[in-house]
Engineer: 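Quick one: the structure is below, and I'll ask about it shortly.
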Amino acid sequence: MTINRRKFLGATVAASAALSAPMALAAGSGKPRVVVIGGGAGGATAARYIAKDSKGEIDVTLIEPTRTYYTCFFSNLYLGGFKEMDELGHSYGGLAAAGVNVIHDWAIGVDRDSKQVTLAGGAKLTYDKLVLSPGIDFVDNAVAGWDVTAQNAMPHAYKGGSQTELLKAQLAAMPEGGVFAMVAPPNPYRCPPGPYERVSMVAHYLKANNPTAKIIVADPKPKFSKMALFQEGWANNYGGMIDWVGEEFGGGNVEVDPNGMTLSIDGEVVSVDVCNVIPAMKAGKIAEIAGVTQGNWAPVNAADMSSKADADVYVLGDASQQGDMPKSGFSANSQAKVCANAIRGALTGSRVFPAKFSNTCWSLIDTDNGVKVGATYEATDEKIAKVDGFISSTGESSEVRKATYLESEGWYSGITADMFG
Amino acid sequence: MLLDFSRIGLCVTLAVSAFSAHAESVGDPDAGKKVYRKCASCHMVGDDARNRVGPNLNNIIGAPAANIDGVKYSKALKNAAADGLVWDEAALNAFLEAPKKYLPGTRMSFLGLTKSSERADVIAYLATYSDSSIAPEAGFSVSPEILAMDGDVAYGEYLGSECTTCHLSSGANDGIPGITGWDEADFVTAMHAYKEKYRDNSVMQMVTGRLANHEIAALAAYFKSLGN
């Protein structure tokens, strides 16, 4: 789209006003107002598409605390040494240029009766439609001995950025022949193949830098995403380095001691040098504050991602409970476009097209050894339902695996451009 | 159709090996450049190409056989030309596999390229020096009725948002080929080729698998409208 200079300046002025003076934003502009909370794969995409496609007819405000967004997807490749952290960072300048009011603040309150969002800085924003895309938070007491105050000793590294850097620093500081432990999460959680790609990337790093080190994974699940592909890859590339303890052998019965740096699996205590604790997950806190969660997640209608609790609130991505789609950046991006189309239609009368969703998750096992799994989905009355899917095969040629990895790099460029402009 | 080989070639580099089953139709020009070394001792191609032992190969794709003045062609080739031989992709593919078998009496003393992927690649390379593009899907076609469908651009824009999760809307290729500004017939043909599993990429087969004809037309119209 072409940037309308007046609109762009107007957006900037409104955004600065919000930071200096608590007031109901955009009141009196006469335009319908959309507030988006969370600037990741769901929120950034929704904000950008609504602003871009409505061509100024809708006021779009995005609330995102960080000025630079570090993607969680591809963060494992940083751990493996395939990407630099800088390559995973994205600013919100492109969204501002697309006409989105970007406010770097925390949303701390949602009043659905008066349709107002309260920011930590004191501003109150009114909305006609509210989009929540807050990602995940961790369930309290999910792993015995661990809470967020222990995240420096035992990082989760399951939100992009500083936690990922911390985990990498700890990996690099491991003593020769040391132990890297992971406590894997129960379903459902963000990025189903993520923990196992991470194990692969850690193994890749250790194979080159600390080849006598060991990796132990305590997993509460009996099986996991792309299991056959990962296990084949681990056997072929990291033989003997990785010990996966699944549900059957007590992988779900764990306790950690962040001070003593020990991990107990089914009563057996292991001294560990690095312990990556990925606890059970729930919707980002603001979804709960808004009162749209049921249990850990926020149920939505498949046709437009609107909350089952409130037709003017939409929940995207990891935080939503929608049916068959995995919690992934690709899924959130896909859901955001359906949601954006529906919101625009509701507010401006533009054409609304039927919901179509898709997802593909690529994972890197070793250098030039990529695998993928994907599916298409449709909206039914009950849920987002899977239509068709595929998965990489075991025993694929190195050419196919390399092509898959190159494709994943292309996807990263594509989706981040799609999110941030 | 004007040459727009860059994207055709880029499209297929992602799944080169997987293309071997249909290698007569699509190849990788970069890989073909290497294969071409076997040809280069006799044939020149490019800006300053002259005729040497063999004729220069500029514009060879789609050219009538034996059509360059001053080249001493074999009788066999001249006869074939008189019978209407045109160096389209299929003919080149058959000739390059076993020249003396395809054209007994040819002066070209070359054993041939037994690997179909090498033939596809070298043809793809030659196509970069030809005004006529090879058809992106030789051997695969869609009906004129489907090609003639008018696409709904607004619907295409919505559907296309599924594509731009991976394909850059700027049209650039950053590991996944650009899809903007394509000739609509090429776009429609390529999408149907994925849908019918003639082209081999699991993501594309999945995405196109549920697209109806009018939806493919809509996408073609929308991405065409974005320009190059």
Side-chain angles (χ1 to χ4, degrees), chain A residues 1 41 45 49 52-53 329-334 336-338 340-341 344-345 350-360 362 372-378 387-393 396-419 421, chain B residues 10-21 28 30-31 117 121 152-180 194-195 197 199-212 214-215 218-219 222 225-226:
Chain A
M1 67 175 276
T45 306
Y49 270 75
K52 162 175 94 67
D53 295 343
F330 196 127
S331 292
N333 170 268
S334 173
K337 292 163 189 173
V338 170
N341 181 251
R344 196 159 65 92
S350 63
R351 289 169 71 187
V352 176
F353 299 107
K356 282 195 179 200
F357 306 93
S358 56
N359 176 64
T360 300
W362 288 266
K372 55 183 171 177
V373 60
T376 50
Y377 304 86
E378 64 184 3
V387 176
D388 189 19
F390 71 88
I391 184 165
S392 296
S393 310
E396 283 174 335
S397 70
S398 56
E399 288 81 11
V400 168
R401 291 296 176 87
K402 183 174 182 179
T404 301
Y405 175 60
L406 293 176
E407 187 178 74
S408 75
E409 290 199 300
W411 162 75
Y412 187 87
S413 298
I415 192 173
T416 51
D418 205 33
M419 290 162 61
Chain B
L10 291 168
C11 265
V12 301
T13 50
L14 282 174
V16 171
S17 63
F19 268 91
S20 52
D28 173 5
D30 293 335
S117 62
D121 291 344
D152 174 346
V153 175
Y155 188 31
E157 179 172 12
Y158 169 73
L159 291 171
S161 69
E162 183 176 26
C163 312
T164 54
T165 299
C166 298
H167 297 273
L168 289 165
S169 58
S170 65
N173 178 330
D174 199 4
I176 286 181
I179 54 172
T180 63
Y194 282 120
K195 189 177 162 77
K197 304 202 187 310
R199 277 193 176 201
D200 195 356
N201 177 290
S202 47
V203 179
M204 287 305 302
Q205 289 179 354
M206 172 184 82
V207 169
T208 53
R210 63 167 170 177
L211 290 174
H214 74 283
E215 292 176 321
L219 284 165
Y222 170 65
S225 78
L226 293 184

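Side-chain atoms are counted along with the backbone in the values below, which use heavy atoms only and exclude waters and symmetry mates. All chains are named by letter (A, B, ...) in the order of the sequence lines, taking the proteins before the strands, and each is independently numbered beginning at 1.
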Engineer: Pick from A:Ser408, A:Ala417, A:Pro354: which one has the most heavy-atom pairs with chain B under 4.5 Å?
Structural biologist: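 The answer is A:Pro354.
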Engineer: Between B:Asp174 and A:Tyr412, is there a side-chain heavy-atom distance shorter than 4.5 Å?
Structural biologist: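 A side-chain contact under 4.5 Å is absent here.
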Engineer: Can you list everything that forms a salt bridge (charged side-chain N to carboxylate O under 4.0 Å, His left out) with A:Glu409? Sequence neighbours excluded, please.
Structural biologist: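 Checked A:Glu409 against salt bridge (charged side-chain N to carboxylate O under 4.0 Å, His left out); matches are A:Lys83.
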Engineer: I'd like to check A:Ser358 versus B:Arg210 (side-chain heavy atoms, cut-off strictly below 4.5 Å). Are they in contact?
Structural biologist: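 SC-SC contact between A:Ser358 and B:Arg210 confirmed.
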Engineer: Please round to the nearest 0.5 Å and tell me the distance separating atom CG of A:Asn341 and atom CD of B:Glu157.
Structural biologist: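 So the gap between those two atoms works out to 9.5 Å.
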Engineer: Quick check: closest heavy atoms across A:Ala355 and B:Tyr158, and the distance to 0.1 Å?
Structural biologist: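 Nearest heavy atoms, A:Ala355 then B:Tyr158: CA-OH, 3.6 Å.
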Engineer: At a heavy-atom separation under 4.5 Å, does A:Tyr49 approach chain B through its side chain, its backbone, both, or neither?
Structural biologist: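 Answer is side chain: those atoms of A:Tyr49 sit under 4.5 Å from chain B.
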Engineer: Using non-hydrogen atoms and a 4.5 Å limit, figure out which bit of A:Ser334 sits close to chain B: side chain, backbone, both or neither.
Structural biologist: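 Neither; nothing under 4.5 Å.
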Engineer: Return the CG to CD distance between A:Asn333 and B:Glu162, rounded to the nearest 0.5 Å.
Structural biologist: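 That separation rounds to 10.0 Å.
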Engineer: Name the option with the most non-hydrogen atom pairs under 4.5 Å to chain A; the candidates are B:Leu168, B:Thr164, B:Thr165.
Structural biologist: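 Of the options given, most contacts go to B:Thr165.
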Engineer: Rounded to the nearest 0.5 Å, what separates atom NZ in A:Lys372 from atom CE in B:Met206?
Structural biologist: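 It is 9.0 Å, given to the nearest 0.5 Å.
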Engineer: Can you tell me which portion of B:Gln205 sits under 4.5 Å from chain A's heavy atoms? Options are side chain, backbone, both or neither.
Structural biologist: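 Neither; nothing under 4.5 Å.
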Engineer: Sequence neighbours excluded, which residues qualify as salt bridge (charged side-chain N to carboxylate O under 4.0 Å, His left out) partners of A:Glu378?
Structural biologist: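 In terms of salt bridge (charged side-chain N to carboxylate O under 4.0 Å, His left out), with neighbours along the sequence ignored, A:Glu378 is linked to no residue.
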Engineer: At what distance, to the nearest 0.5 angstrom, does CZ of A:Phe353 lie from OG of B:Ser161?
Structural biologist: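 Reported value, rounded in 0.5 Å steps: 10.5 Å.
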Engineer: Once you round to the nearest 0.5 Å, how far does NZ of A:Lys52 lie from OG of B:Ser169?
Structural biologist: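 Between A:Lys52 NZ and B:Ser169 OG, I get 7.5 Å after rounding to 0.5 Å.
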